[in-house]
Amino acid sequence: MERVKLIITESLRSLGANLSTTLAATVTVLIGMFLLGLFIAFGTWVVSFSDSVKRDLVVRVYFCTNDTCKKDGESSTAQMNEVARVASASPLVKNVIFVSKEKALAEERKKYPEEYELLPSNPLPNSLRIVPNSGDDVPEIAALFHSDPAAGV
């Protein structure tokens with residue numbers, strides 16, 4: 001029992017004699033643990049945020065109108081169907097949504113009522129919203145639809 005008491009008193013005396021060294025080492029360890037925890041939390045948040053942004057990515061394909069493709073004019077239904085077929089056939093694509101020019105105008109009027117109130121006619125084209133399987137697939141999907149008035153895009 002006396003031997004344990006001696007060990008405890010000697011360790012406390014040693015800690016007291018080297019208080020500045022003990023305090024510096026303890027504070028250094030605490031700061032290191034805090035920074036490590038902060039970096040782990042921030043890294044986890046960044047990965048989570050980037051994954052959520054990738055889920056929101058879409059490829060938009062706009063069809064020709066009389067204003068955008070003056071030579072070829074408005075895209076035909078056959079041209080729009082062919083582009084939609086190419087999009088649907090790709091294994092990189094999860095979903096293809098056709099957005100008519102009327103629906104696009106209605107959506108934009110909800111977002112920006114003051115700006116779209118003054119329009120004399122609908123300037124928006126028909127379009128496709130193509131949802132990829134993964135956000136990493138966006139460049140490959142976009143490459144399928146180069147700007148080609150002959151294809152109506």
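Side chains included, hydrogens not; waters and symmetry mates left out as well; all remaining heavy atoms used.
- Considering all non-hydrogen atoms of both residues, Arg60 and Arg129 come closest at NH1-NE, 2.9 Å.
- Not counting sequence neighbours, Arg3 has no partner by the side-chain hydrogen bond (donor to acceptor under 3.5 Å, both in side chains) test.
- Within the 4.5 Å cutoff, side-chain heavy atoms of Val93 are placed close to those of Ile141.
- A distance-only check finds a donor-acceptor pair linking the side chain of Ser50 to the backbone of Val47 [under 3.5 Å].
- In this structure, the side chains of Asn126 and Met80 come closer than 4.5 Å at one or more pairs of heavy atoms.
- One hydrophobic cluster, built from ILVMFWY side chains closer than 4.5 Å, cannot hold both Val131 and Leu144; they sit in different ones.
- Taking all atoms of both residues into account, the shortest heavy-atom contact from Val96 to Ser88 is CG2-OG, 3.7 Å.
- Considering only heavy atoms from C-beta on, Leu92 stays 4.5 Å or farther from Pro132 through its side chain.
- Atom CD1 in Ile130 sits 4.0 Å away from atom CZ in Phe145 (nearest 0.5 Å).
- Between Ala142 and Val59 the shortest heavy-atom distance is CA-CG1, 4.2 Å.
- The pair Arg85-Glu82 meets the salt-bridge criterion, with a side-chain N (NZ, NE, NH1 or NH2) lying under 4.0 Å from an Asp/Glu carboxylate O.
- Residue Ile31 belongs to a hydrophobic cluster whose other members are Leu23, Val27, Phe34, Leu35, Leu38, Phe39, with links defined by side-chain heavy atoms closer than 4.5 Å.
- Atom CD of Glu10 sits about 9.5 Å away from atom CD1 of Ile7, to the nearest 0.5 Å.
- Counting heavy atoms from C-beta outward, Asn122 and Tyr116 have side chains that stay 4.5 Å or more apart.
- Summarising the geometry, atom CG belonging to Asn95 is positioned 10.0 Å from atom CG belonging to Asn133; distances are rounded to the nearest 0.5 Å.
- Qualifying ring-ring contact (aromatic ring centres under 6.0 Å, His included) partners for Tyr112, counting only residues two or more places apart in sequence or in other chains: none.
- Of all non-hydrogen atoms in Ser75 and Cys64, the two that sit nearest each other are OG-N, 2.9 Å.
- Applying the salt bridge (charged side-chain N to carboxylate O under 4.0 Å, His left out) rule to Glu140 yields no partners; only residues at least two apart in sequence or on another chain are considered.
- The pair Glu108-Lys111 meets the salt-bridge criterion, since a charged nitrogen lies less than 4.0 angstrom from a carboxylate oxygen.
- Looking only at side-chain heavy atoms (C-beta outward), Lys101 and Glu74 come within less than 4.5 Å of each other.
- Here the CG atom belonging to Asn81 is positioned 8.5 Å from the OG atom belonging to Ser76, to the nearest 0.5 angstrom.
- Atom CG of Leu105 is separated from atom CG of Leu119 by 7.0 Å, given to the nearest 0.5 angstrom.
- Inter-residue side-chain proximity for Val61 and Val83 is flagged as met; some heavy-atom pair is nearer than 4.5 Å.
- Salt bridge status for Arg109 with Glu114: absent, with no side-chain N to carboxylate O gap under 4.0 Å.
- Applying the ring-ring contact (aromatic ring centres under 6.0 Å, His included) test to pairs two or more places apart or on separate chains, those with a residue in residues 47-86 are Trp45-Phe49.
- Residues satisfying the salt bridge (charged side-chain N to carboxylate O under 4.0 Å, His left out) criterion with Lys94, sequence neighbours excluded, are absent altogether.
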